[in-house]
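Presented below is the structure to which this report refers.
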4 protein chains.
Amino acid sequence: MPRVTEEHRTARRDQILSAAMRCVARDGFHKMTMANVIAESGLSAGAVYGYFKGKNDLIQAIARRAVGGFAADLDTLADGDDQVTLPGALEVVLARARGLTADSEGGLPRIAIHAWSEAARDDEVKEIVRTNIDSIIKSWARVLARARADGNLGPDGDLDQMARSMYSLMIGFALQGLILDDVDEESYLAGFTALLA
Amino acid sequence: MPRVTEEHRTARRDQILSAAMRCVARDGFHKMTMANVIAESGLSAGAVYGYFKGKNDLIQAIARRAVGGFAADLDTLADGDDQVTLPGALEVVLARARGLTADSEGGLPRIAIHAWSEAARDDEVKEIVRTNIDSIIKSWARVLARARADGNLGPDGDLDQMARSMYSLMIGFALQGLILDDVDEESYLAGFTALLA
Amino acid sequence: MPRVTEEHRTARRDQILSAAMRCVARDGFHKMTMANVIAESGLSAGAVYGYFKGKNDLIQAIARRAVGGFAADLDTLADGDDQVTLPGALEVVLARARGLTADSEGGLPRIAIHAWSEAARDDEVKEIVRTNIDSIIKSWARVLARARADGNLGPDGDLDQMARSMYSLMIGFALQGLILDDVDEESYLAGFTALLA
Amino acid sequence: MPRVTEEHRTARRDQILSAAMRCVARDGFHKMTMANVIAESGLSAGAVYGYFKGKNDLIQAIARRAVGGFAADLDTLADGDDQVTLPGALEVVLARARGLTADSEGGLPRIAIHAWSEAARDDEVKEIVRTNIDSIIKSWARVLARARADGNLGPDGDLDQMARSMYSLMIGFALQGLILDDVDEESYLAGFTALLA
DNA sequence: CATGAATGAGTCTTCATTCAT
DNA sequence: TATGAATGAAGACTCATTCAT
């Protein structure tokens, strides 16, 4: 029978996590210091450590949240009533990515890139990212199946293999958007559409 | 200053850089310690600092080397005599990426991912990566122009915009290859080819 | 204030003290954390602080209980009807020490050693230990007086001075029993008896 | 080919160790802070960590030095030309203990008590202390053998068992000397001698 | 009274960099 | 020019204690 409600705990955890994500977006995982997170969260050191076992635990929570949510729209597309085309589906996803970039938490795509980097050296983060990529590719495969059913995709080709290319197109946009100055959905989509033609 | 000395300097610098790249491939930029680099290079602290101003300088040199070299083959393709198709061009690049992964320096693609992450928080590295992406996209645009000239690509579409998708397909492969277990050039290419159909 | 409440208070205090002694036996005074004591006692932080002013207060209570009780049998011996010999008296005390080692509270001798160590740096604990040693030596002196009266000890020698050696023999056994593997009462007593011969 | 001589390293290590022993004598193992040791040694944090892996390593080195040296005289006695009696041997050892108490490093007996306490909770320190006790008991057994050969000890009794009592008498003196105010070699020896009579 | 979340000063440890030899 | 011992600021984490509920 907790003295403090479960909601309160969740809210506090979220408060810390959001603060930490702002730090990571600004500094990356390894230049994010616990002191910064503590200051940014407005709590005390002890409080933060009451909600997260340590910096590693926090990093994993951040990675989980950062890579999730990119592909939320894909399942909606696959299950929706509208005609599904590849450029149309990609457009929806890119729009989401754009939105996340301007997010209050400081840019999920940016954090996602840090998560990939961390996944390249830490097995626990790697597992988080792997699971996420798998899930997104599965979603893309469903979208492609739907496009094929709608007659907007040729009958040949393994959907999972094709989904990997769609995943690449999606994250490639996120990366280019962060590094280059002149990347916008419209021209990126135009390029992809022209390629398909 | 005699020429041998200059060669000696270059060799030494390379020796340090190679050691540092092994460290980064293993640990990432921020868990790479100068002590590790010093030990791995077999030189002394003072020596390393004689060739690189500091850790930042070293990081930038690593980033430069890591992101370079991915697209060396693209210009060859554009200038060569063989017919150029998109899947064919992508195949060449993926094969190169595969080769680099098993490199003695510990995997350039891995380091490249660390470089993107670092670019997201450090403007000097960002500039290095930006220049590199620009250059690769330019090369892809040349390849696409050649493919169009060869009649293997439709007449419509802005080549630079299309090149961005090709860049995405290329780096998406590198990322998936690092995180997922079952990524191979053949199936990835098959997916891309099916998409084009 | 009703009597039951007072009993309740005493029981609670004891509950905390026992929990704390298990912690000290396991971890020593300084690696014993209040959090551990709180968890081990099954009470809340506030409750524990209601019974003990703080960690120091708890440490002193533990020290008091740990060093007491070692020599309870000595007075019984001095006042009893049986013939008193030195090996016989020592045997009784060693048996008690053995028993305490296996105690539910985790080994009083072990805690006593921690108390000596603490006495070497904290004057309040030092006073507790000093009082206890004085008292045990006094008891030994009474036992020696009785042995002399029984004709089992020569007529010469200051009893208080001799008592100090008996104290040493007693605690030396406790210490050796904790550190060495092959210490048993029988052989230790045999050694002492042979020395006297 | 070290740039700095081995002697220099040894001297530095000793400088740190001595500083640390003063800290332990004053504060005990767990209230000894690395910051104190660093300040007391006059070196920097990094330097200290260059000579000791960490606090644990330092604790073990302190424990090793503190418990050693107590019994150095015993072997000399056993191998010497003078008649050996038990009170005579004990006197030599007590005199040494007295001397160490006033030592520049702050009192080896005091630190030894801390070491026993630590041995009760840390297996590595326990092993150090165990080895030391074993060795002292062995030395006492040699002294007793010599006393017996000299006709100053009865022919019966296992020497190793008797040696344990001698060890107890020795450390009991050290402990009492630290806690009680009125302990001096003379009266302690008188008590022991009277006991033997 | 009881609770246990929150506090924040204090610990140990690392590591980029320098500079006397 | 080369060395590597030394520096010390900065980082992650702990834990005795309090106090709002």
Side-chain angles (χ1 to χ4, degrees), chain A residues 1-5 8-9 12-13 16 30-39 41-59, chain B residues 5 8-9 12 30-39 43-59, chain C residues 5 8-9 12 30-39 43-59, chain D residues 1-5 8-9 12-13 16 30-39 41-59:
Chain A
M1 196 186 311
R3 178 63 62 107
V4 164
T5 61
H8 177 260
R9 266 199 80 79
R12 272 273 196 272
R13 212 187 131 93
I16 295 165
H30 296 287
K31 291 287 184 184
M32 162 192 96
T33 67
M34 291 308 280
N36 280 348
V37 173
I38 287 158
S41 72
L43 295 175
S44 67
V48 170
Y49 278 89
Y51 288 90
F52 293 91
K53 255 189 73 182
K55 191 178 177 181
N56 266 352
D57 193 18
L58 196 44
I59 285 177
Chain B
T5 299
H8 179 257
R9 268 198 76 81
R12 273 275 199 267
H30 296 286
K31 292 285 185 185
M32 162 193 94
T33 67
M34 291 306 279
N36 279 349
V37 172
I38 288 158
L43 297 175
S44 68
V48 170
Y49 276 86
Y51 290 90
F52 293 91
K53 256 188 71 181
K55 191 178 177 181
N56 269 348
D57 193 18
L58 196 45
I59 285 177
Chain C
T5 299
H8 180 257
R9 270 198 75 80
R12 273 275 199 267
H30 296 287
K31 291 285 184 183
M32 163 192 95
T33 66
M34 292 305 280
N36 280 348
V37 172
I38 287 158
L43 297 176
S44 68
V48 170
Y49 276 85
Y51 290 91
F52 293 91
K53 255 188 70 181
K55 190 179 178 180
N56 269 346
D57 193 18
L58 195 46
I59 284 177
Chain D
M1 194 187 312
R3 178 64 61 107
V4 163
T5 62
H8 178 260
R9 267 199 79 79
R12 271 276 196 270
R13 213 186 129 93
I16 295 164
H30 296 287
K31 291 287 185 184
M32 161 193 96
T33 66
M34 291 307 279
N36 280 348
V37 173
I38 288 158
S41 71
L43 295 175
S44 67
V48 170
Y49 278 86
Y51 289 90
F52 293 91
K53 254 189 73 180
K55 192 177 178 183
N56 266 351
D57 193 17
L58 195 45
I59 285 177

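Please read all numbers here as calculations on a predicted model, not as lab measurements.
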Rounded to the nearest angstrom, tell me the gap between atom CZ in A:Arg13 and atom C1' in E:dA6. 17 Å

Please give, in whole Å, the distance from E:dT13 P to A:Met34 CE? 19 Å

What distance separates D:Tyr49 OH from D:Leu58 CG, expressed to the nearest 0.5 Å? 8.5 Å

Rounded distance (Å) that lies between atom P of E:dC12 and atom CG of D:Leu58: 10 Å

Between E:dT14 (P) and D:Ile38 (CD1): distance, integer Å: 12 Å

Quick check against the 3.5 Å criterion: does B:Lys55 have a side-chain atom that pairs as donor or acceptor with the backbone of B:Thr33? no

Nearest heavy atom decides the nucleotide; on that basis, is B:His30 or D:Thr33 closer to the 5' end of DNA chain E? D:Thr33

Of E:dA6, E:dC12, E:dA9, the nucleotide closest to the side chain of A:Ala45 is E:dA9

So CZ of A:Arg13 and OG of A:Ser41: to nearest 0.5 Å the spacing works out to 13.5 Å

Output the rounded distance in Å from NZ (A:Lys31) to C1' (F:dA10). 10 Å

I need the A:Ile38 CD1 to A:Leu43 CG distance, nearest 0.5 Å. 9.0 Å

Nearest-0.5 Å distance, CE of residue D:Met32 to CD1 of residue D:Ile59: 5.0 Å

Holding to side chain to side chain donor-acceptor pair (under 3.5 Å), I want the full list of residues that pass it with D:Ser44, two or more places apart in sequence or in another chain. none

C:Arg12 side, atom CZ; C:Tyr51 side, atom OH - distance, nearest 0.5 Å: 5.5 Å

Roughly how many Å is it from CE in B:Met32 to P in E:dT14, rounded to a whole number? 18 Å

Between D:Val48 and D:Met34 the two heavy atoms that sit nearest each other are CG1-CE, 4.0 Å

Could you tell me the separation between the NE2 atom of A:His8 and the P atom of F:dA20, rounded to a whole number of Å? 15 Å

Quick one: is F:dA2 close enough that its OP1 or OP2 comes under 4.0 Å of any side-chain N or O from B:Arg12? no

Considering only heavy atoms, which members of residues 46-56 of chain C lie under 4.0 Å from some atom of DNA chain E? C:Gly46, C:Ala47

Minimum-distance nucleotide to C:Ser44 side chain [options: F:dA2, F:dG11, E:dT3]: E:dT3

Axis-to-axis angle across the helix from E:dA2-F:dT21 to E:dT21-F:dA2, five pairs each end, nearest 10 degrees, ~ 0°

